[in-house]
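See structure below.
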Amino acid sequence: MESPFSRSHALFSRAAAVIPGGIFGHTSPAASLPGASPYFAQNAQGCRYTDVDGHEYIDLLCGYGPIILGYNHPEVEAAAARQARDGNCFNHPAPVMVELAERLVALVDFASWAVFGKNGADMTSWAIQVAREHTQRKKILKIAGAYHGAHPWCTPGHGGWIPEDREHIHAFPWNDLDAFHTLLKRFRNQVAGVIVTAFHHPAFGDSILPAPGFLPSLQDSCQRAGIVLILDDVRSGFRLHLGGSHRHFGFEPDLICFSKALGNGHPISAALGRENLRIAASKVFLTGSFWQSAVPMAAALRCLEILERENVIAHLEQIGAILRAGFLSAAGRHGFSLHYSGPDAMPFFTFANERNFLRNQAFCRAMIRNGVFLHPHHNWFLCAALQDKDVQEILRAADGAFRLLREEFPQG
Ligand SMILES: Cc1ncc(COP(=O)(O)O)c(C=O)c1O
């Protein structure tokens with residue numbers, strides 16, 4: 001029988017001849033469901049996309065996070081096209097850079113300046129440099145298993161980095177204040193920065209919310225010891241609170257990094273910081289050939305306007321709550337117990353008492369066959385284009401997927 005993904009497979013064969021690994025990075029088929037998932041996308045609109053074999057999916061991954069309003073949002077694309085008519089890449093930044101910095105500084109309560117890049121890792125890596133410049137210290141503390149990008153100090157990949165890249169990077173477990181204080185004691189007066197995400201969302205793991213007091217305690221300890229607290233809000237930014245995810249969880253960092261949802265799919269990232277970091281920020285060289293391109297900035301400005309005007313975060317929470325209740329009850333109807341984790345706008349679930357993700361993989365395979373795209377090992381993302389009828393379609397697909405799963409795993 002011919003595979004439903006024959007065009008994906010044919011393209012992958014061509015890709016493998018000219019691109020190491022065929023598809024590099026997190027979208028490699030090897031990281032998801034080889035043979036049971038599309039490898040290439042053709043087009044997308046709203047909350048749906050179509051793969052190169054012509055299958056349409058309701059998308060619960062949203063490009064791994066950048067799509068927050070829905071694909072190809074007409075207002076965002078019109079703003080981008082208007083800027084593109086004037087130009088994108090110049091010898092100088094365009095006025096829109098100043099407008100976007102002003103808008104972001106107004107949104108983020110503790111920030112008095114903003115800078116821009118293209119990717120999340122541009123900003124997280126620059127942020128730790130700013131912390132080091134400001135404090136004139138070397139050590140950076142991070143959460144074990146947290147992802148901050150693919151640069152040598154933080155990549156989860158195995159190749160191309162040397163132990164010296166991480167000589168001054170030290171990890172402690174999420175929610176473990178004792179381990180944090182042990183590191184602070186061990187490296188007294190040596191720690192430049194602590195970098196955290198607002199909640200823990202490791203690949204191949206349940207998401208874990210901050211324990212009460214965890215993030216405020218980090219803030220307090222950092223303040224006392226003159227350490228820069230960096231919030232990597234690349235993944236959660238604008239999904240939990242328009243002013244930064246620290247507002248959702250009740251703490252205040254010194255520096256915040258955004259990317260993903262900021263431009264609704266246009267390549268842009270930003271870092272914002274406190275006034276006392278302005279001098280360090282101006283000393284750490286920050287540039288890239290395309291980092292000042294104007295089109296993504298125009299897209300981001302319009303995206304922020306729509307996020308606020310349409311109260312998108314409330315919509316994501318509302319849709320997310322319906323999905324949570326629906327997934328849990330569909331699973332229950334077929335005798336499965338789920339471990340549902342993460343905020344409702346960025347949910348994930350695993351199957352209770354399972355460690356090897358086999359049921360997650362079988363569930364996602366069945367969902368993909370039923371026209372809903374999600375990932376077996378990575379948290380999901382909702383977008384504003386999802387409406388009640390889409391959610392009902394997702395839940396019908398889930399009911400069918402759990403029924404199939406029951407046959408595949410009769411023991412539960
Ligand atoms: C929390 C977090 N930080 C940083 C990054 C790196 O962003 P980018 O892939 O745009 O470099 C990501 C990407 O997934 C992320 O989720």
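Counting starts at 1 for both ligands and their atoms, following the listed order.
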ask   = Honestly, is Arg166 close enough over Trp153, meaning NZ or CZ under 6.0 Å from the six-membered ring centre and within 45° of the axis?
value = no
Proximal ligand 1 atoms for [X], defined as those under 4.0 Å from one of its heavy atoms:
X	answer
Thr197	1 (C)
Lys260	13 (C), 14 (O), 16 (O)
His201	1 (C)
Ala121	6 (C), 7 (O), 8 (P), 11 (O)

Does this structure show an ion pair linking [X] with [Y], if we count only N-O contacts that are shorter than 4.0 Å?
X	Y	result
Arg365	Glu408	yes
Asp109	Arg247	yes
Arg7	Asp53	no

key: Proximity to ligand 1 by part of Tyr64, non-hydrogen separation under 4.0 Å   = neither
key: ligand 1 versus Asn119: contacting region, heavy-atom distance under 4.0 Å   = both
Mind telling me whether [Y] and [X] have parallel, tilted or perpendicular rings, with 30° and 60° as the class edges?
X	Y	value
Phe180	Phe172	tilted
His9	Phe5	tilted
Phe251	His246	perpendicular

Can an N or O of [X] be found at a distance shorter than 3.5 Å from an N or O of ligand 1?
X	value
Gly149	no
Asp232	yes
Val234	no
Arg235	yes
Ser259	no

task = With side chain to side chain contact (heavy atoms under 4.5 Å, CB included) as the test, would you mind laying out the steps for Leu69 and Cys303 before giving the verdict?
result = CA-CA 8 Å; Leu69 298 175; Cys303 179; 3.9 Å; yes
query = Which of the listed options, Ala198, Gly120, Gly25, Pro66, holds the heavy atom that is closest to atom 10 (O) of ligand 1?
reply = Gly120
